Amino acid sequence: MNEFEIIKQYFTGHSGRKDVIMGPGDDCALLQMPPNTTLAVSTDTLVADVHFFADMDPVALGHRALAVNLSDLAAMGADPCWVSLALTLPKADETWIRGFCEGFFELAEYYNVALVGGDMTRGPLSITVTVHGSLPEGKGLRRHGARAGDGIYVTGTLGDAALGLQQQLGNIAVSESHLAFVRNKFEHPHPRILAGQALRDIASSALDLSDGLLGDLGHITRASNVRAVLEMEQLPLSQAMTDTVEQERAWQLALTGGDDYELCFTVPEVHRGQLETALAHCGVKFTRIGRMVAGEAGVELMADGKPYKLEAKSWDHFRSGE
Ligand code: ADP
Ligand code: MG
């Protein structure tokens with residue numbers, strides 16, 4: 001099959017969205033935005049052996065490539081609409097492409113996202129996805145809105161994807177009963193689309209956790225010019241995590257392990273009640289892990305009422321290669 005046959009066979013005809021005037025097959029896609037909306041756009045590239053193992057299951061990779069991009073829309077509170085896909089493949093391996101499409105389109109269909117175009121080139125395996133979402137005009141969860149006094153929250157549990165990665169690298173042994181869970185956290189991240197939308201009128205700032213809580217929350221503190229104080233005991237840890245490693249290491253993974261794709265957000269005290277209701281409605285677990293205070297931008301860690309210091313050596317060791 002040549003490039004055009006592959007595109008026709010595998011990458012077209014998946015969506016019936018009416019706002020796609022022209023999908024794959026012309027020079028550009030033509031897309032109709034509803035009135036009074038703002039377009040939210042984000043791109044992420046996954047490179048083999050940098051962001052994933054080249055022999056990773058293509059079904060999981062297809063899911064992951066779209067999921068990490070949708071996570072950015074979630075962090076903005078946007079509704080996902082369209083996606084474009086640039087694939088660089090070492091060879092036209094149809095079994096691989098079929099698997100990739102299975103994972104990719106399963107997630108795309110779940111969120112009613114239409115693939116509207118892309119590119120195919122030959123070269124070292126790499127995947128670039130650009131997602132487009134819509135927001136009501138004037139909305140969008142940005143990083144600069146946090147204020148002293150706001151609570152800091154995260155969805156889900158932290159560090160599980162990093163635990164899965166360390167298990168795969170042979171650095172940490174995970175018991176049989178937790179293996180599927182931690183592997184799945186790395187391979188099948190679930191973008192928090194509904195939670196992001198529910199937070200639109202509640203959160204003062206938000207982002208998704210891709211590089212680890214400590215670094216990512218640092219972005220909010222700098223953009224907002226506030227200081228974060230985290231209570232280590234409040235960090236939400238999974239059963240798999242607490243059963244597998246001792247507390248110090250669990251905290252390291254939760255703070256510095258990447259690839260969680262949970263949301264981290266801040267909420268003014270006056271919206272606390274609303275928050276409970278909104279996130280209960282979409283069935284997403286969330287935890288208050290600290291608060292913003294006035295002061296120099298940065299993240300302060302407290303354990304047992306005292307300042308807590310992460311061991312620098314372990315921090316480096318667990319830092320994922322970006
Ligand atoms: P051009 O040379 O004009 O950039 P291409 O030959 O790269 O066009 O692509 C032809 C058409 O196929 C375009 O509409 C493009 O969006 C679409 N396309 C190419 N690769 C993909 C892909 N992986 N998924 C979806 N559409 C694709
Ligand atoms: Mg092209």
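These numbers were taken from a predicted model, which means no experiment stands behind them. Just follow the structure's listing: the first ligand is 1, and inside any ligand the first atom is 1. Any value given below was found using the heavy atoms of this structure, including those in side chains, with hydrogens, waters and symmetry copies removed.
The side chain to side chain contact (heavy atoms under 4.5 Å, CB included) search around A254 returns L158, L235, L237, not counting sequence neighbours.
Between the D49 side chain and the A54 main chain, a donor and an acceptor come within less than 3.5 Å of each other. Judged by distance alone, with hydrogens and angles left aside, the side-chain atoms of S210 form no donor-acceptor pair with the main-chain N or O of G258 at under 3.5 Å. In this structure a side-chain-to-backbone donor-acceptor pair under 3.5 Å is present from N2 to F4.
Taking a cut-off of under 4.0 Å to the non-hydrogen atoms of M120, the atoms of ligand 1 that pass are 20 (N), 23 (N). Interface of E3 with ligand 1, defined as ligand atoms under 4.0 Å from a residue heavy atom, comprises 6 (O). Per-residue contacts place F11 under 4.0 angstrom from the following atoms of ligand 1 (heavy atoms of the residue considered): 24 (N), 25 (C). In summary, the atoms of ligand 1 found under 4.0 Å from a heavy atom of F4, numbered by their order in the structure, are 6 (O). Close approach of ligand 1 to D26 (heavy-atom distance below 4.0 Å) involves ligand atoms 13 (C), 14 (O). For ligand 1 and L85, the ligand atoms under 4.0 Å from any heavy atom of the residue are 22 (C), 23 (N).
At least one N or O atom of G25 sits closer than 3.5 Å to an N or O atom of ligand 1. In terms of polar-atom proximity, defined here as any N/O pair under 3.5 Å, G118 does make such a contact with ligand 1.
Listed by first and then second residue, the salt bridge (charged side-chain N to carboxylate O under 4.0 Å, His left out) pairs involving residues 283-300 are R227-E300, E269-R288 (not counting sequence neighbours).
Between H188 and H63, the ring planes lie tilted relative to each other; the angle falls in the 30° to 60° range.
Contact annotation: for L87 versus ligand 1, there are no heavy atoms closer than 4.0 Å.
Within a 6.0 Å radius of CD in E106, no more than 12 heavy atoms belonging to other residues, nucleotides or ligands are found.
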